[in-house]
Structure formats: structure tokens, C-alpha cells
Amino acid sequence: MTRTVIAIATLGLLGTAGMSAQTKHVDLKDAKGNSVGMAMVSPAKGGGVSIDLDVKGLPAGEHAIHFHAVPKCEAPFTSAGSHFNPAAKKHGMQNPEGPHAGDMPNFTVAANGTAKTTVTNKNVTMGSETNSLYANGGTALVIHAAADDM
């Protein structure tokens, strides 16, 4: 999988004003600090979280999306650390010994550079558990330049 990142946002400990404590609005930025859209992260029915993505200005094609372990988004985004992985699993949604809690399915950006989609992650929460997106100060939501190898 490519390590090149095209967009990032952090999920820190504090909620966004005007939003319920169970919903987090995050602005997605590219390496130059330009807005490339937003995500709404909320608890998913049946467990986990749901990420409603609305992105623009991205390269067309399939892209990986992950939660990373460090809530920093300083270009070139290596500051976000590795994938969020509190259970020390293996990488890849299809790995029989995995996946990392931060692993998620790829999503597709249209030819015009936009995508509106919902991605679900059953391996994380927005609570106080060790697999919470707020554990240890928070996480980062990262969109990679290419698809994940799963």
C-alpha cells in the first residue's frame, strides 16, 4: 500500500460546538492546508462508527481510508503515526489475523474528483474503551492517495 496521504483530519477529545456529543464533524485538508471536504463520524447502528464522507478535488479512483493512532495532521502527514491498532492485530481487512482497528474498506472518487459515501468501521467506538477514537488523546482520519491492498 502506498504511504502517500492526500487528506487528513484529527478526532481529538473535544466535540464540535453545536453537534451532539455522539457526532464529530471533521474538516479534511490536503498537504497544502486546502479544504478537500468533510466527514461526519457518528456511532453506527449495531456497533462501531459510521463515517459520512463528502470530498472534492481528489484524484479519481480508489482510495484507502484509515484511522491513524496520533491526532496530528502536519504535512507530510507522517505525524499521524501508524494505523490505529490497540489490539495489535495484523494489517488488512481480509487478513485472517487482522484487521487493525483503523483499517476500513476502500472508497471510490469519481472522475470529477468528488465522492459522497458512507464507510463503516465496526472495530472502533466513540466511547471510553481502548478501541475508542478518543483513546490516548484521539486519532487522525487519513485518506491515502491509492487503494489499500486489503
Side-chain angles (χ1 to χ4, degrees), residues 1-58 62-95 97-107 109 115-150:
M1 182 188 89
T2 181
R3 297 283 302 167
T4 304
V5 173
I6 56 172
I8 192 167
T10 61
L11 284 90
L13 291 171
L14 301 175
T16 302
M19 302 300 294
S20 80
Q22 293 297 312
T23 300
K24 180 75 176 186
H25 173 272
V26 291
D27 293 314
L28 296 162
K29 307 274 183 181
D30 65 15
K32 294 178 181 176
N34 298 317
S35 175
V36 293
M38 56 79 73
M40 295 293 287
V41 182
S42 58
K45 292 181 182 177
V49 300
S50 177
I51 303 105
D52 293 320
L53 286 173
D54 186 355
V55 296
K56 62 183 180 189
L58 299 183
E62 201 172 17
H63 295 274
I65 183 169
H66 299 104
F67 287 110
H68 282 240
V70 180
K72 290 186 180 179
C73 55
E74 301 157 357
F77 302 138
T78 55
S79 60
S82 54
H83 293 174
F84 182 55
N85 190 21
K89 299 284 187 172
K90 303 291 182 186
H91 169 71
M93 294 293 297
Q94 298 171 4
N95 190 319
E97 297 180 53
H100 295 156
D103 287 343
M104 292 182 271
N106 295 324
F107 74 98
V109 173
K116 286 186 181 185
T117 190
T118 300
V119 178
T120 302
N121 183 323
K122 298 285 185 187
N123 297 315
V124 298
T125 72
M126 294 178 80
S128 59
E129 305 85 357
T130 58
N131 66 328
S132 170
L133 297 176
Y134 302 124
N136 300 313
T139 54
L141 181 63
V142 176
I143 297 175
H144 293 270
D148 190 80
D149 59 10
M150 296 293 161

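Residues: numbered from 1 along the sequence shown. Since this is a predicted model, take the numbers as computed values, not measurements.
- The nearest pair of heavy atoms linking Phe107 to Ala64 is CE2-O, 4.4 Å.
- Taking NE2 from His25 and CE from Met38, the interatomic distance works out to 3.5 Å, rounded to the nearest 0.5 Å.
- The environment of Lys122 atom NZ is dense: over 12 non-hydrogen atoms of other residues, nucleotides or ligands sit within 6.0 angstrom.
- Put simply, OG1 on Thr117 and CD1 on Ile65 are 9.0 Å apart, with the number rounded to the nearest 0.5 Å.
- A donor and an acceptor atom, one from each side chain of His91 and Asp148, are located under 3.5 Å apart.
- In this structure, Ala39 and Ile51 approach most closely via the heavy-atom pair CB-CG2, 3.9 Å.
- Ring orientation note: the planes of His83 and His100 are nearly perpendicular, at an angle over 60° on the 30°/60° scale.
- We find the NZ-CD1 distance between Lys29 and Ile143 to be 13.5 Å, quoted to the nearest 0.5 Å.
- Residue His66 holds its NE2 atom at 11.0 Å from CG of Asn85, rounded to the nearest 0.5 Å.
- Closest of all the heavy-atom pairs between Pro71 and Gly138 is CD-O, 3.4 Å.
- Residue Pro99 comes nearest to Gly92 through the heavy atom pair CB-O, 3.3 Å, listed as atom of the first residue, atom of the second, then distance.
- In this structure, Lys56 NZ and Lys116 NZ are separated by 11.0 Å, a value rounded to the nearest 0.5 Å.
- Under the side-chain contact (heavy atoms from CB on, under 4.5 Å) rule, Phe67 has a single partner from Asn123, Asn131, Val49, which is Val49.
- Listed here is the closest heavy atom pair of Ser50 and Thr118: OG-CG2, 3.2 Å.
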Exercise for the section: Check the pair Met150 / Asn106 against side chain to side chain contact (heavy atoms under 4.5 Å, CB included), numbers first and verdict last. Expected result: CA-CA 9 Å; Met150 296 293 161; Asn106 295 324; 3.4 Å; yes

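- Checking side-chain atoms of His63 against main-chain N and O of His144 turns up a donor-acceptor pair under 3.5 Å.
- Judged purely by atom type and a 3.5 angstrom limit, Ser42 has no side-chain atom pairing as donor or acceptor with the backbone of Thr23.
- Here the CG atom belonging to Leu53 is positioned 6.5 Å from the CG atom belonging to Leu141, to the nearest 0.5 angstrom.
- When all heavy atoms of Gly98 and Lys89 are compared, the pair lying nearest together is CA-CB, 3.9 Å.
- A donor-acceptor pair under 3.5 Å is absent between the side-chain atoms of His68 and the main chain of Phe84, judged by distance alone.
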Problem - Intermediate values then yes/no, side chain to side chain contact (heavy atoms under 4.5 Å, CB included), Val36 and Val55 - result: CA-CA 6 Å; Val36 293; Val55 296; 5.5 Å; no

